[in-house]
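When a ligand or atom number is given, it counts from 1 through the structure's own listing order. Note that these values count all heavy atoms, side chains included, but never hydrogens, waters or copies made by symmetry.
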Amino acid sequence: MNWFLGLDNSTQSLSSLLISLHTGEVFARYSVDFDTDLPGYDLVQGVLPGPTALVKHSDPLAWVSALELLFQRMVDDGVDMGRIKAISGSAQQHGTVYLKKSFSELDSADVKTPSLVPVIKDMLSRRTSPIWMDSSTTAECHEIANETGGYGYVQRKTGSVPVERFSGPQIRKFYKEEPEKYEKTSKIHLVSSFMASLLTFRDAPIDYGDGAGMNLMDIEKGQWVPDILEATAPGLREKLPQLSGSGRKVGRISEYFIRNFGFSEDTDVVSWSGDNNNSLIGVGGWSPETVVVSLGTSDTCFSAMSQPHVDPAGYGHVFGNPAGGYMGLSCFKNGSLAREKVKEAHELSWDQFDELILEKTCAGNEKNMMLPFFVPEITPAVLDAQPVYRGSDEFVGGRDPAAAVRAVVEAQALSMRYHSSWLRNATSVLRVTGGASRSLGMCRVLADVFQVSVERLEVENSAALGAAMRAAQACGMEEWRSLTEKFCHVSAEEIIEPVTENARAYEHMLPQFVELLAETLDTSQRG
Ligand code: XUL
């Protein structure tokens, strides 16, 4: 029994991998895509259609279904589930799941139905879950700030100013709009703690890592902040799970999963955490020398921090590092969503997208520049999404695919460089992970804009890998350092060195980009 299972419940899919401490192998990579594998839930890129562009919810039952389908795929493929010693997971951050009292009594329920979905459906006090893409709580952010010591106070306590997608403002909105349902809610879980609870059939704690993304937890003390809870919604303290360290075993896997999928009754479930927190571990970035760029549905830029210093501009966040200490993170919503919009607008394949960056355009993009706000942006806060174009008539008129492709990627890299300076991490290396890290063009532009080496890891799903490594560490099997040496490999051909001649183009472009941003921003959006 030396296999450890890492799961990753992201915005668009649930995926898995197993690590073997014995052989150092990473295997059993499976994935369930919410849109295509679970069409009955009507999700589009993992999200339910909403009343406005600012409202983004998902269906927690799709996550339950995905968990069962993923395990079934593993079993059907002959994976010996009985050899899994422990499971941990990673989940999209900030999203919340609202449950009735019956959920906390799940461990005494004798579930005999072939699926957990109808059982959990009856236990939901709110049918849908607001997720990290939601930007609809500006009013609630103001209210929480005004009722407490202001934006700066909430930031000093919780690591972030009140932010639209964070759990606290989302909970407040639910309380204001549906007070009876709020009243009937007995537990509010994060996606991460909900998934861990499903596996054990008991309320799992929220780990400090992901708990820091709620605007409710004192990042230094690892405790709920009473006056912020009060300003958020009445009686909230009783509705929140416990807080705990990320390395805690939260229980054994429930009888239901043993019976249906062949897990051993000794299989431990270890606290789940946020996807970014897990990625920090999965890329081997748990000590402060490394800056990580994760290119997924959202793009994020983060690094470990020994002391929790906050972003003076108010956009960055301090979360918990699962290996201890803190991590600083900036999140950009127009990540793969923006790249896809440009790719689709010009009817390109991903290979053509890359070729246009690498072969047909050069650093600086002949003064063509874009602000890729295709959907409301987080960093910087832009609610009224509208891409902005500056440059030649062809480019502005949408008739230059090559310039458009380079422009979206250069804008993302410049924005990351500009908005990550608060991390104060003078790095010489960027570790790049996530689906779009396969794009050599994207990595080339990152290397040139930051003028540092870009390293790509062998295992692309660093969130699932980090979760599996955390499961192993929590079982006392190995230290972070040896787990990192075993699983976080960078092969020499995956290192992209910066082209020094391109440095000048970006030194010149960055202030122009910042100026265009300043002109475009509606500063009245943030109080
Ligand atoms: C981080 C954030 C996103 C989600 C995506 O603050 O909102 O990266 O975690 O899953």
- request: Please identify which atoms of ligand 1 are closer than 4.0 Å to at least one heavy atom of Gln92.
  value: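 What qualifies from ligand 1 is 10 (O).
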
message: Ring-plane angle category for Phe194 and His189, please: parallel below 30°, perpendicular beyond 60°, tilted otherwise.
response: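 Ring orientation of Phe194 relative to His189: tilted.
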
- prompt: Mind checking whether Phe319 and His317 have parallel, tilted or perpendicular rings, split at 30° and 60°?
  reply: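 Judged by the thresholds at 30° and 60°, the geometry between Phe319 and His317 is parallel.
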
- prompt: Can Leu329 be said to touch ligand 1, with heavy atoms closer than 4.0 Å?
  reply: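 Under 4.0 Å: yes for Leu329.
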
query: Would you say ligand 1 has an N or O under 3.5 Å from any N or O of Arg165?
result: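 By distance alone, the answer is yes.
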
- prompt: For Trp132, which of Asp275, Thr297, Thr11 qualifies under side chain to side chain donor-acceptor pair (under 3.5 Å)?
  reply: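 Considering Asp275, Thr297, Thr11, a side chain to side chain donor-acceptor pair (under 3.5 Å) with Trp132 is found only for Thr11.
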
message: Salt bridge or not between Arg165 and Asp134? Use side-chain N to carboxylate O under 4.0 Å.
response: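 A salt bridge is absent here (no side-chain N lies under 4.0 Å from a carboxylate O).
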
message: Polar contacts were defined as any N/O atom of the residue lying under 3.5 Å from an N/O atom of the ligand; does this apply to Asp275 and ligand 1?
response: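 Among all N and O atoms of Asp275, at least one is under 3.5 Å from an N or O of ligand 1.
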
- request: Any atoms of ligand 1 less than 4.0 Å from a non-hydrogen atom of Ser298? List them with their elements.
  value: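 Counting atoms of ligand 1 from 1, those under 4.0 Å from Ser298 are 3 (C), 5 (C), 8 (O).
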
- request: Please could you name the atoms of ligand 1 that His94 approaches to less than 4.0 Å, counting only its heavy atoms?
  value: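 Those atoms are 1 (C), 2 (C), 6 (O), 7 (O).
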
Residue selection (non-hydrogen contact nearest atom 1 (C) of ligand 1) among Asn9, Asn276, Asp134: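 Among Asn9, Asn276, Asp134, the closest heavy atom to atom 1 (C) of ligand 1 comes from Asn276.
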
query: Which ligand 1 atoms are under 4.0 Å away from a heavy-atom of Thr300?
result: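 Listed by number with element: 8 (O).
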
query: Do Cys301 and Val291 touch side chain to side chain, with heavy atoms closer than 4.5 Å?
result: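 The answer is yes, as the side chains (C-beta and beyond) meet within the 4.5 Å cut-off.
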
task: Assess the pair Phe257 and Phe71: is the distance between their ring centroids shorter than 6.0 Å?
output: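 They qualify: ring centres under 6.0 Å apart.
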
- prompt: At under 4.0 Å between heavy atoms, which part of Ile378 makes contact with ligand 1: side chain, backbone, both or neither?
  reply: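 Neither part.
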
- request: Return the orientation label for the His142 and Tyr151 ring planes: parallel under 30°, perpendicular over 60°, tilted otherwise.
  value: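 Taking Tyr151 first and then His142, their aromatic rings stand perpendicular (interplane angle over 60°).
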
